[in-house]
Structure formats: structure tokens, C-alpha cells
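In what follows, a single structure is set out as C-alpha cells and then discussed.
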Number of protein chains: 2
Amino acid sequence: MADLVYQRVINKLQKSIDANEYTDLKLPNERILAEEFNVSRSSIKKAMNVLIQRGVVFQKQGSGTFVNPLYLKNRPLFNFSGDNVGVTDTFQKDGERPDIRVLDLNVVKATEEVQQALFLEPGEFVYEIKRLRSFGTQPFMIEDGFVPVKLVPDLTEDIVSGSLYNYLQESRNIAVTRSFLTISADVSTAQDQELLQLKPNEPVGTMEGIFFMDRGTPIEFSHMRLHYKFMRYNTFTVLN
Amino acid sequence: MADLVYQRVINKLQKSIDANEYTDLKLPNERILAEEFNVSRSSIKKAMNVLIQRGVVFQKQGSGTFVNPLYLKNRPLFNFSGDNVGVTDTFQKDGERPDIRVLDLNVVKATEEVQQALFLEPGEFVYEIKRLRSFGTQPFMIEDGFVPVKLVPDLTEDIVSGSLYNYLQESRNIAVTRSFLTISADVSTAQDQELLQLKPNEPVGTMEGIFFMDRGTPIEFSHMRLHYKFMRYNTFTVLN
DNA sequence: CAGTGGTCTAGACCACAAG
DNA sequence: TTGTGGTCTAGACCACTGG
């Protein structure tokens with residue numbers, strides 16, 4: 001991954017920004033950066049596009065490139081910058097991957113909702129995977145995922161106690177690189193409060209999503225309930 | 001707008017896709033498209049990136065470019081095609097625009113936080129606009145926005161009792177087409193509960209964001225607190 | 001006017017997919 | 001092996017910002 005020119009640029013710039021090296025929030029201009037990194041300006045632009053998409057910087061024609069002050073204030077707890085769009089890669093704290101506790105693993109008939117989300121025929125079977133994710137002693141997410149049996153016929157509790165998507169990538173060469181997510185909030189239930197160590201009046205953030213393999217085949221439909229302090233999603237939108 | 005090469009490509013491809021001209025869902029390869037459109041392959045790639053971001057097509061190295069079948073099945077979910085990124089255009093219920101009640105309108109000196117977000121000098125003045133948005137009798141958002149006085153010197157309570165961005169577009173030809181948002185959730189305060197008609201244990205969704213004009217000048221910094229049932233954010237992510 | 005990002009081109013070479 | 005997208009370069013010219 002990091003042997004790509006623009007990836008190297010992204011990583012270095014991200015590191016510099018996170019280390020507050022640009023105290024006035026202004027980055028060197030693209031031509032200077034190209035020289036400094038000894039790459040073409042196009043590669044700088046490609047890297048910038050990624051950082052812009054992440055909400056880390058923004059550019060202003062005629063003025064320059066600036067660190068996004070909101071990024072500095074609201075360091076995202078997750079962003080889509082890893083190898084795939086799964087929880088293990090996108091939720092990291094100080095570079096640490098979350099711990100996983102498997103609450104339940106079963107095979108069930110897909111409900112209508114699950115059927116629709118995963119484009120299954122009536123009666124097809126899915127794994128239901130309930131997991132709790134934590135950083136050390138702090139649990140932050142209850143995950144209830146559905147995966148078609150026919151796509152991963154050999155799933156075991158052992159596999160889901162680690163990163164499912166990393167397993168798919170390493171042993172099956174399946175990359176999960178797309179996701180469609182709906183982000184919302186909800187009152188916490190008694191179970192939420194117990195598992196996520198929440199007070200009764202504290203809410204959960206919810207994320208509901210479909211995850212896709214490269215070709216566009218849906219591989220997982222997932223409900224996630226997060227400790228509200230751990231749900232912080234950054235998004236940059238440009239209308240065309 | 002449409003005099004840009006890549007915009008022309010985007011528009012034509014989008015139109016062809018919407019007209020189901022690619023019956024097998026496969027587009028011509030990039031080199032062919034470059035020839036057909038009489039542009040460079042780089043311009044085709046730039047256009048493709050926009051269509052990919054919109055969820056309209058996806059590419060697979062070695063295979064080609066394909067129309068996203070999910071886009072065909074559920075177009076509105078992936079189309080981000082309002083006129084601007086403001087609340088009035090993006091929050092609509094059955095095509096209805098929300099009502100606005102102005103809670104407060106003042107001119108104040110920008111705090112350091114606001115200064116940074118809007119790229120102002122110390123001591124510059126901003127409007128502070130507090131508004132409550134409702135659908136009929138159901139309030140759903142408390143909005144606390146800051147707009148530099150110098151950018152909109154003639155702001156009045158009358159203007160902010162309607163859509164500020166629509167006013168800017170119509171009377172000043174300023175389009176607000178970019179936004180950076182941080183989405184999270186929080187325990188509701190007494191004020192939230194009163195204004196949004198929430199029970200004490202019910203939470204708010206929060207959105208904090210900077211809104212930008214076309215060329216990147218920030219025009220508003222806004223804190224939004226939403227009735228949790230009305231915060232639903234959809235996002236489509238593609239890695240690489 | 002100088003500084004800076006935006007657009008666009010032409011072309012080379014690499015990496016992956018599928019026959 | 002051929003087709004296809006991915007990466008990368010070098011450089012030209014345009015458009016906007018701000019002194």
C-alpha cells in the first residue's frame with residue numbers, strides 16, 4: 001500500500017497535520033510540495049483529494065491549502081482510510097484495533113428486511129453475528145450483522161472473534177471496499193446500558209449499513225449501536 | 001459550468017446511464033471514451049471519479065467500468081442533487097420545506113472557535129442566528145449559526161426567517177455547494193427538551209459544520225441539535 | 001502583479017482479469 | 001496474451017485571491 005507515491009504523500013501530510021506542524025493552518029503550495037516530495041504536482045493533487053474527502057484539509061483557489069479547523073477540534077473516531085470499510089479497519093484509537101467479544105453466532109432464515117438488504121431469495125440462510133467491540137475495558141459498539149451463508153460457507157466462531165473482513169481478504173482474496181451507511185441516534189435500551197456502560201439517560205448512536213464486495217455483491221447487513229461518545233462521523237460534501 | 005470538459009463528460013454519461021443506454025451495464029473503456037469525447041483519458045478519469053462518488057458507476061481494474069445496479073434500483077438514495085447543501089434543501093419531508101422560527105439574531109464578535117472555522121481575523125463581527133426548524137407542529141432542529149457580517153452586510157430578521165442560502169443564491173448569485181459536517185449524538189439538555197418536545201431520556205443528534213461558497217470561502221459555521229428521530233444521514237463510501 | 005489552485009493534455013509504464 | 005483500469009510524470013494555460 002505505502003509504496004504508492006500518493007499514499008506516501010497522504011501519510012506524511014496526515015502525520016504532519018496530526019503533529020500540528022502547520023501552526024498557521026496553511027500548507028505549502030502544491031508546487032512546493034511536489035518539489036519537497038520529489039513527485040509531480042498531479043500526485044500531490046491526488047493526495048490532496050483524499051485528504052479533502054477525509055475532511056482534513058480544504059483548498060481555496062488563489063489562496064492555498066489549509067488544515068480544516070473542525071478536523072483539529074473533532075478528530076474523527078473513525079474514518080474510511082484503511083484497506084476495507086469494516087469496523088476493525090475504520091475504528092482505531094491511537095492506531096489500536098478494537099477488541100472483539102462474540103456474543104452470539106447462529107444461522108437463521110433471512111427476515112424480509114435482511115433479504116432486501118442483501119438481495120436474497122426468500123428462505124435463504126444467513127449467519128447472525130452479535131459482537132461487542134471495545135477499546136481495552138471501554139466497550140463502544142454492539143454489532144448485529146447478517147452474512148449470507150452461501151457467500152462464506154465455512155464461517156466459525158473462531159473467525160468472527162477476529163476481523164471477518166481481514167479474514168475474507170487474506171484467505172479468500174475478497175475485499176470489502178464499499179458501504180452504504182445510515183447514521184442516526186436512539187434512546188439506549190437496558191441492554192445497551194449494560195453492555196456499553198451507559199447511564200439510563202445516555203443515548204446510543206446507531207449505524208445501519210450494507211457492505212459490498214468489489215463487484216457490488218452485498219456481503220453484510222449490519223446494525224450497530226454505539227456509545228454516543230464514540231460515534232463521531234466526519235463528512236465533506238461537494239455538489240457538482 | 002458545462003463549459004468544463006469533465007463536466008460535459010459527466011453530464012453526457014449520466015444522461016446515457018439514466019436512459020439505460022448501457023443495457024449490459026458495461027461502459028466503453030476509458031481510452032475509447034476519451035476518443036469518442038475527443039478529450040484526454042485524464043479528463044475521463046476525473047469525470048469517472050465524480051460518477052463513482054455519486055454511486056452511479058464502479059470500476060474494476062482489469063475488467064472495466066460498470067453501472068451500479070443499486071443505483072438503478074434505488075436512484076434517490078444515492079443522488080445528492082439539490083441546489084445547495086443547506087438545511088432547507090437537504091431536509092425535506094414529502095417534498096415539503098421546513099418552517100423556520102427565528103429565536104434570536106444578533107451581531108457579535110467572533111469567538112476564537114468561530115474565527116478559526118470561518119477564517120476570520122480577531123475582532124471581526126459575525127451574525128449569530130438562532131433558529132428552530134419544524135415540519136408543521138413538529139420541531140426537529142435547533143440551529144445556531146454564525147455568518148461573517150462582511151459577506152452578507154444586509155442581513156435582516158426577515159431574511160433569516162426564510163432560507164438564507166436560497167436568498168444568497170437568488171439575490172446575490174452565491175451558491176453554497178460544499179459542507180464539512182461532524183455528526184454525533186448527545187444527551188438532551190432542558191432547552192433541547194423544551195424546544196424539540198423531547199422526553200428527558202431522549203437524546204439529540206448533533207451536527208456541527210462549516211458551509212462553503214463555490215470557491216471555498218466559508219460562509220457559515222453552524223451547530224445543530226436535532227430531535228433524534230429526525231437525524232438520519234446516508235453515506236456511500238468507496239475506497240480507492 | 002505575484003501567488004495559488006483548477007483544468008487539461010499526451011504519453012509511459014504497472015497491475016489485475018479473463019480467455 | 002490482450003484488455004482494462006491504476007499510477008505517475010512534465011508541462012501548458014486558465015481563474016481566482018489579495019496585496
Side-chain angles (χ1 to χ4, degrees), chain A residues 1-11 13 22 24-52 57-68 83 169 173-175 177 213-216 238 240, chain B residues 1-10 13 22 24-52 57-67 119-121 148 150-151 173-175 177-178 212-219 238-240:
Chain A
M1 257 293 186
D3 56 337
L4 296 184
V5 168
Y6 75 88
Q7 282 288 355
R8 190 164 50 86
V9 174
I10 291 170
N11 293 339
L13 287 177
Y22 304 112
D24 56 354
L25 300 188
K26 190 171 196 296
L27 272 65
N29 77 51
E30 294 185 340
R31 290 163 176 87
I32 298 280
L33 285 173
E35 234 176 76
E36 279 183 11
F37 283 104
N38 215 349
V39 302
S40 72
R41 188 173 158 219
S42 313
S43 295
I44 296 292
K45 291 188 90 59
K46 176 138 190 172
M48 283 304 178
N49 282 338
V50 173
L51 292 174
I52 288 169
V57 302
F58 64 90
Q59 295 186 306
K60 197 154 154 12
Q61 189 174 139
S63 302
T65 302
F66 304 89
V67 178
N68 179 348
D83 285 344
Q169 182 137 62
N173 202 30
I174 291 174
T177 55
M213 310 188 311
D214 268 347
R215 292 276 183 79
V238 183
N240 285 292
Chain B
M1 254 298 185
D3 56 337
L4 295 184
V5 168
Y6 75 88
Q7 282 288 356
R8 191 164 50 85
V9 174
I10 291 171
L13 287 177
Y22 304 112
D24 55 353
L25 298 189
K26 190 171 194 298
L27 273 65
N29 77 51
E30 294 185 341
R31 288 163 178 88
I32 298 279
L33 285 172
E35 235 175 74
E36 279 182 11
F37 283 104
N38 214 352
V39 302
S40 72
R41 188 174 158 218
S42 313
S43 295
I44 297 291
K45 291 188 91 59
K46 177 140 189 170
M48 284 303 178
N49 282 338
V50 173
L51 292 174
I52 289 168
V57 303
F58 62 91
Q59 295 186 306
K60 199 153 163 31
Q61 189 173 149
S63 303
T65 302
F66 305 88
V67 178
F119 260 72
L120 301 176
E121 299 299 317
K150 66 178 177 188
L151 291 182
N173 203 30
I174 290 174
T177 55
R178 297 141 196 261
F212 303 87
M213 308 186 318
D214 265 349
R215 298 300 168 186
T217 307
I219 187 158
V238 184
L239 288 187
N240 297 314

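Note that the structure is predicted; figures quoted are calculated from it, not measured.
- Nucleotide dG18(D) holds its P atom 11 Å from the CD atom of Glu121(B), rounded to whole Å.
- Distance Arg8(B) CZ to dG6(C) C1': 17 Å, rounded to the nearest Å.
- Atom CG in Leu4(A) sits about 9 Å away from atom C1' in dG6(D), given to the nearest Å.
- Rounded to whole Å, atom C1' of dT4(D) lies 15 Å from atom CD of Glu35(B).
- Checked against side chain to side chain contact (heavy atoms under 4.5 Å, CB included), Leu120(B) has the following partners two or more places apart in sequence or in another chain: Ala110(B), Gln115(B), Leu118(B), Glu124(B), Val126(B), Pro148(B), Lys150(B).
- Between Tyr6(B) and Ala47(B), the shortest heavy-atom distance links the atoms O-CB, 3.8 Å.
- Between Lys46(B) and the phosphate of dT7(C), there is a side-chain N or O to OP1/OP2 separation shorter than 4.0 Å.
- Set against dA17(C), dC8(C), dG5(C), the side chain of Ser63(B) has dA17(C) as its closest nucleotide.
- Here dG6(D) presents its C1' atom at 14 Å from CG of Asn29(B), a figure rounded to the nearest Å.
- Considering only residues two or more places apart in sequence or on other chains, Ser42(A) meets the side chain to side chain contact (heavy atoms under 4.5 Å, CB included) condition with Ser40(A).
- Phe66(A) places its CZ atom 17 Å from the P atom of dC16(D), with the value rounded to the nearest Å.
- Lys45(B) comes within 4.0 angstrom of a base, heavy atoms only.
- One can place CZ of Phe58(A) at 12 Å from P of dG6(C), the figure rounded to the nearest angstrom.
- Lys46(B) is linked by a salt bridge (charged side-chain N to carboxylate O under 4.0 Å, His left out) to nothing, counting only residues two or more places apart in sequence or in another chain.
- In this structure Phe37(B) satisfies the ring pair (Phe, Tyr, Trp, His ring centres under 6.0 Å) test with no other residue, sequence neighbours excluded.
- Between Tyr6(A) and dT7(D), a side-chain N or O to OP1/OP2 separation shorter than 4.0 Å is present.
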Please tabulate, one pair per line, each protein N/O and nucleotide N/O from nucleotides 9-13 of chain D that are separated by under 3.5 Å, including the distance.
unit_1, atom_1, unit_2, atom_2, d
dT9(D), OP2, Ser40(A), N, 2.9
dT9(D), OP2, Ser40(A), OG, 2.8
dT9(D), OP2, Ser43(A), OG, 2.4
dA10(D), N6, Ser42(A), OG, 3.4

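- Nearest nucleotide to the Gln59(A) side chain, out of dG5(C), dG5(D), dC8(C): dG5(C).
- Spacing between atom CD of Gln61(B) and atom P of dA18(C) amounts to 12 Å, rounded to whole angstrom units.
- One distance of note links CG of Leu4(B) with OG of Ser43(B); it measures 10.0 Å at 0.5 Å rounding.
- For Thr65(A), the side chain to side chain contact (heavy atoms under 4.5 Å, CB included) partners at least two apart in sequence or on another chain are Leu27(A), Met48(A), Val57(A), Gln59(A).
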